[in-house]
Every structure is written in C-alpha cells, then in structure tokens.
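Counting convention: from 1, in listed order, for ligands and their atoms alike.
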Amino acid sequence: MSTISPGKTALLNLYYHASRPYRWWNRRNAQAAGGAPMPVLFYHRVADKADSSWTVSNKTFIRQINWLQKHFEIISLAEAQRRIRHRLAGPPAVVITFDDGYGENCRNAVPYLIENKIPCTYFVTLKNVLDGSPFEHDMAAGIDAPPNTMDQLRDMAAAGIEIGAHCRNHIDLGGISDRSVLYDEVVAPREVLEKELDTSVRYFAFPFAQYMNLNSHVFRLAADAGYHGVVSAYGGYNWPVTDPFHIERIPVNNDIIRLKNRVTIDPRTARPPRFRYAGSIV
Ligand SMILES: [Zn+2]
C-alpha cells in the first residue's frame with residue numbers, strides 16, 4: 001500500500017532536491033557547533049506486499065537500506081547514544097530499529113541485515129511471542145500476520161540482532177501509575193526475554209509512543225531496572241545531550257522519498273527534544 005499519492009511524491013521529491021544544499025550546510029554547521037542530530041528509524045513489518053500503512057514491501061526495504069548504506073553509516077543504538085552523549089562529529093549516521101515482532105520480517109528483511117552486518121535493535125511484545133496471537137491492529141485491519149516465535153528471536157540474537165522489550169501486552173502506558181502494572185509491562189518482559197534468549201535486553205520501546213503515550217514513571221522504572229535507554233516514536237531527532245536515555249525515533253513507510261526527507265534532517269520538523277529523561281522531565 002502506497003500511503004502517498006503520485007502528486008505528493010512529486011512534490012516531496014521537489015522539496016527534497018530544492019532543500020538538499022541547505023540540509024547539508026545545516027548539518028555541517030550543527031556538527032561544527034557540537035554535534036548534529038541523530039536520526040533513529042523504526043520499521044514494523046516488512047513483507048512481500050505492503051498491505052497496511054505499517055508495512056514496507058521487501059522490495060522497498062532493500063532499496064531503502066541500500067540508499068541508507070550509500071549515504072550514511074548505519075550504527076547500533078548503543079553507538080548512537082555514545083556519539084550523542086560525547087557530541088562526536090563524524091560521518092552522517094543512522095540507526096535501524098523494528099517494533100512489535102513480525103514473523104515475516106525473518107523471511108527477507110532480517111536475513112538481509114544480518115548478511116550485510118547492519119546493526120539493528122528489534123523490539124518485541126512478549127505476549128504475542130509467547131502465545132503466537134496476532135497483533136490487535138492487524139486483526140482490526142483484517143491482516144493475517146503472525147508474530148515472531150521465541151526460536152526466531154533466539155536465532156536473531158545469536159546472529160547479532162539486538163532484542164529489545166516492547167511491553168508484555170502492547171498497551172498504552174501513558175496514563176498508568178500503578179507500579180505493579182508498570183513493572184509487569186516494562187521490567188518483567190525483559191527478565192523473561194533475557195532468560196529465554198540468554199542475552200541482555202538493554203532497551204525498552206513504548207507502545208504507540210506518541211508524546212501522549214509516554215510516562216515519566218516508566219522512564220524512572222526503566223532506568224532503575226537497568227535499561228540503557230527507552231525509545232519513543234513521534235518523529236523527533238536526537239540532539240547532543242549529556243544523558244541520551246530517551247531516544248526519539250522516526251517512522252519509515254513504504255516509499256523512499258519520505259525516508260530521504262526525514263533522515264537528512266528535514267528543516268520543517270527539526271526541533272529540540274520534547275520529553276527527555278535525564279533525572280528530570282523536560
Ligand atoms: Zn508497537
């Protein structure tokens with residue numbers, strides 16, 4: 001499913017090419033001033049056919065990754081945090097992540113990343129992995145898309161894909177303050193995944209992860225539990241900060257032009273962080 005019309009694609013192409021010199025000039029200036037913003041991308045499902053707005057076709061995925069490899073260094077989330085924290089200037093870099101945990105990702109997308117030694121953090125919802133049930137948003141859209149199995153995650157972890165936690169039940173954590181509920185959604189899935197996969201689980205992804213779905217209790221709980229970072233999903237860039245515990249991410253859709261626009265720091269959307277955890281919430 002293409003989520004933008006041919007007319008809008010043409011306009012975005014025009015905008016991208018017209019603003020490209022400004023973007024690179026802007027980036028050089030930002031680096032000279034102590035660091036450029038770091039884009040961190042998130043995918044959901046990569047399948048043969050892009051039949052929902054959260055699915056990217058296998059063909060487009062390969063095109064996107066090849067384009068990113070040509071223009072960016074693709075680095076891990078941990079390396080991104082290190083560069084953000086220490087204001088390290090360097091070649092343009094980008095991070096790739098996935099949310100939810102779709103079985104189909106293991107047909108083409110994940111093997112392609114592994115073959116090409118591309119780092120990736122892959123966030124999974126524990127309930128679906130354990131009981132094999134499809135995600136609610138797919139059922140509502142009439143899409144049959146099974147989740148990953150624990151065996152797939154084990155193979156991925158063994159091949160160098162970093163597995164992260166994405167709640168037990170994929171619920172909106174925004175308004176929850178009950179500590180036992182938050183523990184069961186945020187900390188307990190990590191313990192289960194670490195035991196099952198025999199690897200450390202260092203990152204947590206908020207479900208939905210718009211500004212309204214974030215929760216300062218979760219940031220504190222995650223930090224206290226030993227997570228290295230928490231990621232959101234409302235399209236922000238990551239500017240140099242002393243404690244990049246909260247990493248903002250940018251969605252990837254089934255096209256190449258929005259990816260190009262977003263990842264080269266779109267001046268329309270580049271803005272300072274809105275919700276940063278560093279002992280205090282800003
Ligand atoms: Zn999700």
Verify the distance test for C167 against the Zn ion (ligand 1): any N/O/S atom under 2.8 Å, yes or no. no
For a quick check under 3.5 Å, do N213 and Y234 share a side-chain donor-acceptor pair by atom type? no
Looking only at the side chains, is there a donor atom on one of R63 and N58 sitting less than 3.5 Å from an acceptor on the other? no
Tell me whether the Zn ion (ligand 1) has D100 as a neighbour, meaning an N, O or S atom of it below 2.8 Å. yes
Suppose we only count N/O/S atoms under 2.8 Å; would H44 qualify as near the Zn ion (ligand 1)? no
Tested for ring pair (Phe, Tyr, Trp, His ring centres under 6.0 Å) against Y102, the lone hit among W54, F135, F123 is F135
Assess the side chains of D151 and T149: does a donor N or O sit below 3.5 Å from an acceptor N or O? no
